[in-house]
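Below is one structure, written out as structure tokens, with a few remarks after it.
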There are 4 protein chains.
Amino acid sequence: MPTILGQNQYGKAENRVVKITRDGDTHHIKDLNVSVALSGDMDDVHYSGSNANVLPTDTTKNTVFAFAKEHGIESAEQFGIHLARHFVSSQEPIHRARIRIEEYAWERIATSEGNSKFIGADEVKHSFARKGMETRVSQITYDGENWEVISGLKDLTVMNSTNSEFWGYVKDKYTTLKEAYDRILATDVSARWRYNWTSDEQHMPNWEKSYEQARKHMLHAFAETYSLSLQQTLYQMGSRIINSRSEIDEIRFSLPNNHHFLVDLEPFGLKNDNEVYFAADRPYGLIEATVLRDGVEPKIPVDMTNL
Amino acid sequence: MPTILGQNQYGKAENRVVKITRDGDTHHIKDLNVSVALSGDMDDVHYSGSNANVLPTDTTKNTVFAFAKEHGIESAEQFGIHLARHFVSSQEPIHRARIRIEEYAWERIATSEGNSKFIGADEVKHSFARKGMETRVSQITYDGENWEVISGLKDLTVMNSTNSEFWGYVKDKYTTLKEAYDRILATDVSARWRYNWTSDEQHMPNWEKSYEQARKHMLHAFAETYSLSLQQTLYQMGSRIINSRSEIDEIRFSLPNNHHFLVDLEPFGLKNDNEVYFAADRPYGLIEATVLRDGVEPKIPVDMTNL
Amino acid sequence: MPTILGQNQYGKAENRVVKITRDGDTHHIKDLNVSVALSGDMDDVHYSGSNANVLPTDTTKNTVFAFAKEHGIESAEQFGIHLARHFVSSQEPIHRARIRIEEYAWERIATSEGNSKFIGADEVKHSFARKGMETRVSQITYDGENWEVISGLKDLTVMNSTNSEFWGYVKDKYTTLKEAYDRILATDVSARWRYNWTSDEQHMPNWEKSYEQARKHMLHAFAETYSLSLQQTLYQMGSRIINSRSEIDEIRFSLPNNHHFLVDLEPFGLKNDNEVYFAADRPYGLIEATVLRDGVEPKIPVDMTNL
Amino acid sequence: MPTILGQNQYGKAENRVVKITRDGDTHHIKDLNVSVALSGDMDDVHYSGSNANVLPTDTTKNTVFAFAKEHGIESAEQFGIHLARHFVSSQEPIHRARIRIEEYAWERIATSEGNSKFIGADEVKHSFARKGMETRVSQITYDGENWEVISGLKDLTVMNSTNSEFWGYVKDKYTTLKEAYDRILATDVSARWRYNWTSDEQHMPNWEKSYEQARKHMLHAFAETYSLSLQQTLYQMGSRIINSRSEIDEIRFSLPNNHHFLVDLEPFGLKNDNEVYFAADRPYGLIEATVLRDGVEPKIPVDMTNL
């Protein structure tokens, strides 16, 4: 046989599960998009079409919905851990499960006499509005022994309207760019951080709190860094997380440089004093890098932040 | 000539203008997507290709950016009024201008020692994050005499996790749906409301305040209505705005019914007590209607809320 | 009651029905996206939530799939006619039905010993690939007496790499554009044409042939027009259809001017002799117009080509 | 320093270059989307913000457009090779360049007296329509010594309306799926194949011909395989390419199982004899695998086909 099978995996992608938890009149939402990928002894289904080792993707879908009832959804990470453990431990031919989850955030609709922060006795407690464009993401992988949990977010659009410069760069025969001493710095943050929790023996992180804190530190670093390059800002965002959260060892970013070009208003007799910008679509700069705790081996794949 | 020209318009669409206003160290953003459509004596350019009456779309683009400097951007509506007036009054062949604007909201990034609501002396005042998925929209039309301003929003996703029923409907030979006495009601609100300000003689509304109030009343009505049909909820949302805001005479909604189907867990020996839902993509119900102040003539086009 | 209900409609949108017809071993596909909108005596469901007059959107969905079996899908238009007639004639409260259909084209996969045009006895006759990005669209409306059929297409991307000029336009203080004597003309055609078939008494057009011919004439006019403005090209495309197809009385276009800017290569010591272009995203020119058979009343709504 | 920098790269993404080549009156188009990613001695720009080693992304953009003039665009692969070689060999701090290219296909508009295949003397030779939804992709990587070229395509939607079964699979407590003996098999092919050309010493493949042939063999295998599982079909598609094209050593697929569910028409007294299907959006099965020439080391990253 001149060709052979290499890495392979299968499962049901994009299971959209919404879980409502009723605490008296107060409802809580978890809104997830769950994708399952399983691998193991799967040569036969590729070579001959025999499905004898194949748990159908329809079953993996059913399991996602059943587990939302059986285990609840405490956090995306914890839910993924339940699922991954189940597939690997209950199906002999399956040696590895990778669960990817996107989580969409909702906030309470503030009502006439109150607001979303302090819901009183007379308030509507079951009404929600989708919050933000950003999506929380998580990938949980289990091989029967070790866990890998990589979490993060994507589509978090941020902008500094000043405190950004760009100069002192290499100039070759194709360089026409003028140096900038006060520019807009804007990006759509895509970040993935890896937890150093890898075994059931270890104390498990508080996934919800860890996410909130990592996100907060990252935003503070973006806002507080006086930036000479987007790379410098990226590094500050990453090292702030590593330094603040001991449960996180590695983080990778993919940051488009969302160009805001100062419009030339001189032909109209006007001076543009860093006021009016054209927000361009394409092309855009794209800055990608990993920031690591010193001494740690990097494991987040290079392209993962672009998925 | 067996064929003739009918309604026609032209202009530059999707001019992405970002305006930064510096109030000392505190910066303010207006982030707009402006589309210009002009009409008038344009037969020749269609019949013969003569551009003698045509102000290039490139010029309409330049005007958008120049006006951001010359007039500032107090509100999307006020900015559109400046632009529409300019094109109609400065170009003899142009008899009518329609300016469409999308506005993207940003909020300040809360920093280490403070938060976004109360920015203190030591805070970062130039850092922002994109707020929400919803887009504020406005359409300003001027024919040299009368104004029509239609504002609203789209992509505001909301959900009630209870207080929604659906029963007592017509049943024919193709009906299989079971009645529901406690269901999720979820939609992506697309709304357009028309102001009764039509002339420079009238007192102009406070566009920013009016938008905030209309949005708030609409959300309250959504949350507070015990719903027997999405149509009923729609009507409550519309009438709440008309009754609360005297400057608004008409509102039209396009509300997809974002189905959340209760998953059948019985095959797995589990009871689904309104807990686990499958969020479906397509098909979806689509409910569209206009709500009017009594005695007023409707003017918002039927399809406008789907643009 | 200070507020009243205006125009309203409801139904199930985006029913994705695929119909396979087996002619011996040779299979045929119709792949449609069908949206139903019904209107009539629907005040109660808005005012009180009573669904006594409401045929559920779920039933309209079931009807779409059942009709694919009962009537087959000869053409999108004929299928919509079956559906519209059914809803209006079988449900007393429903006075008007509007069926919108998108159709996706497939072509046969050419196989080893043959090709898609001439399928021989030994060929695979059940394998298909999606053809093109363009989508055929149709809207069928029925009020119990009269029919209105508006068909067309969207997302048909075309380009002329020469034979396009743009000069002789109005210049004001915001004009900076240079005249062009040889430019790329590119657009994504969105077109809707209205048939003059309005009654069951009339001879019904051959919908499939009419679509193919209208599309062909439109493309020829695009290719063969030496263009002084996109408006001129648009008018030629429209009048070519009206003049060639007696069953069509009106056509409306929405044509973005997909700008291809000649890149300035002089800083690199290179001459750009209409060779290297930057394909821009936004902003874009947007040209919209109706072309009519002389003496006919226009009925295609202004915004319909942008849906 | 407790944190360090890991893998990093930067460049300008999505440069939309269109190249027109005039062969007398006959024009030819190449329409590319080019993304540049460079890496090397870039620690300083991350740690201190010094741009002393940074060739601006604006310059990489300029280079793309200049090279379209200087070298022409013979094929996406050849164009990427020119670019990658340039960046690595002309900039000392840059040790590795990765060029990603998407190519959009155009076909000639057939005109009145002829057709696209045989353009005669009187034909329009400068008019084109975008062909298909599929996108040809290529990634060229160079480190100063070795080349890696990975090419392929995405968004090629195909369907077999019969000759697909699915049965004999594992059943656990969450399995409800019924076995299928005649189902639709549909997918959007995303494929990446790796060439064994790695050095300037080797004879370079004919990139255009190799692409056409690999695509053709893949489609034939899809059409001609009687399928017991999508995995089996995938393996046949991959091995057909490896066996037919000696210049290709490895191929990876990501194949969504685009579910077409047979609609239950029994409630309406109708029999659905594999005729009427509901085309579902989400969730979908997702099958991913690598097929290799025996003895070859796999190098295509697991997630690359999902980009």
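All of these numbers come straight from a predicted model, not from anything done at the bench. Lettering of chains follows the sequences in order, A, B, ..., and the numbering in each one begins at 1.
Of the atoms belonging to B/Lys12, heavy atoms from both backbone and side chain fall under 4.5 Å from chain C. In this structure, chain C has a heavy atom under 4.5 Å from the side chain of B/Arg16, while its backbone stays farther away. The part of B/Asn53 that comes within reach of chain C is its backbone (N, CA, C, O), which places non-hydrogen atoms under 4.5 angstrom from that chain. At a 4.5 Å heavy-atom cutoff, B/Glu165 makes no contact with chain C through either its backbone or its side chain. Both the backbone and the side chain of B/Thr290 have a heavy atom closer than 4.5 Å to some heavy atom of chain C. Of the atoms belonging to B/Tyr226, not a single heavy atom falls under 4.5 Å from chain C. Contacts between C/Gln91 and chain B at a heavy-atom distance below 4.5 Å involve the side chain alone, from C-beta outward. For B/Ser90, no part lies under 4.5 angstrom from a heavy atom of chain C.
If you tally non-hydrogen atom pairs under 4.5 Å between each of B/Tyr169, B/Tyr10, B/Phe65 and chain C, the highest count goes to B/Tyr169. Top candidate by heavy-atom pairs under 4.5 Å with chain C, chosen from B/Arg252, B/His259, B/Gln236, B/Glu250, is B/Arg252. Heavy-atom pairs under 4.5 Å with chain B peak, among C/Pro298, C/Ala37, C/Ser48, C/Ser50, at C/Ser48. Interface summary for chain B: among C/Ile242, C/Asn33, C/Thr176, the most heavy-atom pairs under 4.5 angstrom belong to C/Thr176. Note on B/Ala52, B/Ala66, B/Pro56, B/Gly285: by heavy-atom pairs under 4.5 Å with chain C, the leading option is B/Pro56. Ranking B/Val45, B/Asp249, B/Leu228 against chain C, the residue ahead of the rest is B/Val45, based on heavy-atom pairs under 4.5 Å.
Under a 4.0 Å N-O distance rule, the pair B/Asp303/C/Arg98 qualifies as a salt bridge.
The OG1 atom of B/Thr59 sits 9.0 Å away from atom NZ of C/Lys171, with the distance rounded to the nearest 0.5 Å. Separation of atoms CD (B/Gln7) and CD (C/Glu288) is listed at 7.5 Å; rounding is to 0.5 Å. Separation of atoms OG1 (C/Thr3) and CG (B/Asn243) is listed at 5.5 Å; rounding is to 0.5 Å. Taking OG from C/Ser239 and OH from B/Tyr47, the interatomic distance works out to 9.5 Å, rounded to the nearest 0.5 Å. Atom CE of B/Met304 and atom CG of C/Asn306 lie 11.5 Å apart (nearest 0.5 Å). Atom OG1 of B/Thr57 is separated from atom CD1 of C/Ile287 by 6.5 Å, given to the nearest 0.5 angstrom.
C/Asp294 has its side chain out of reach of B/Pro2: every pair of non-hydrogen atoms, C-beta onward, lies at least 4.5 Å apart. Using a 4.5 Å heavy-atom threshold, the side chains of B/Asp172 and C/His86 count as touching. No side-chain heavy atom of B/Glu14 sits under 4.5 Å from any side-chain heavy atom of C/Asp281.
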CA sep, side-chain torsions, deciding dist, call: C/Thr175, B/Asp58, side chain to side chain donor-acceptor pair (under 3.5 Å): CA-CA 7 Å; C/Thr175 303; B/Asp58 188 77; over 6 Å; no
Audit row: C/Asn51, B/Phe166, side-chain contact (heavy atoms from CB on, under 4.5 Å) steps and yes/no: CA-CA 8 Å; C/Asn51 293 299; B/Phe166 187 58; 3.3 Å; yes
Verdict with supporting geometry, B/Val302 and C/Gln9, side-chain contact (heavy atoms from CB on, under 4.5 Å): CA-CA 10 Å; B/Val302 164; C/Gln9 57 196 10; 3.8 Å; yes
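What you find for B/Leu292 and C/Gly6 is that their closest heavy atoms are CD1-CA, 4.2 Å. Taking each heavy atom of C/Ala289 and B/Leu5 in turn, the nearest pair found is CB-CD1, 4.1 Å. B/Leu286 approaches C/Ala13 most closely through the heavy-atom pair CB-CB, 4.1 Å. The two residues B/Ser229 and C/Gly49 have their closest heavy-atom pair at OG-CA, 3.9 Å.
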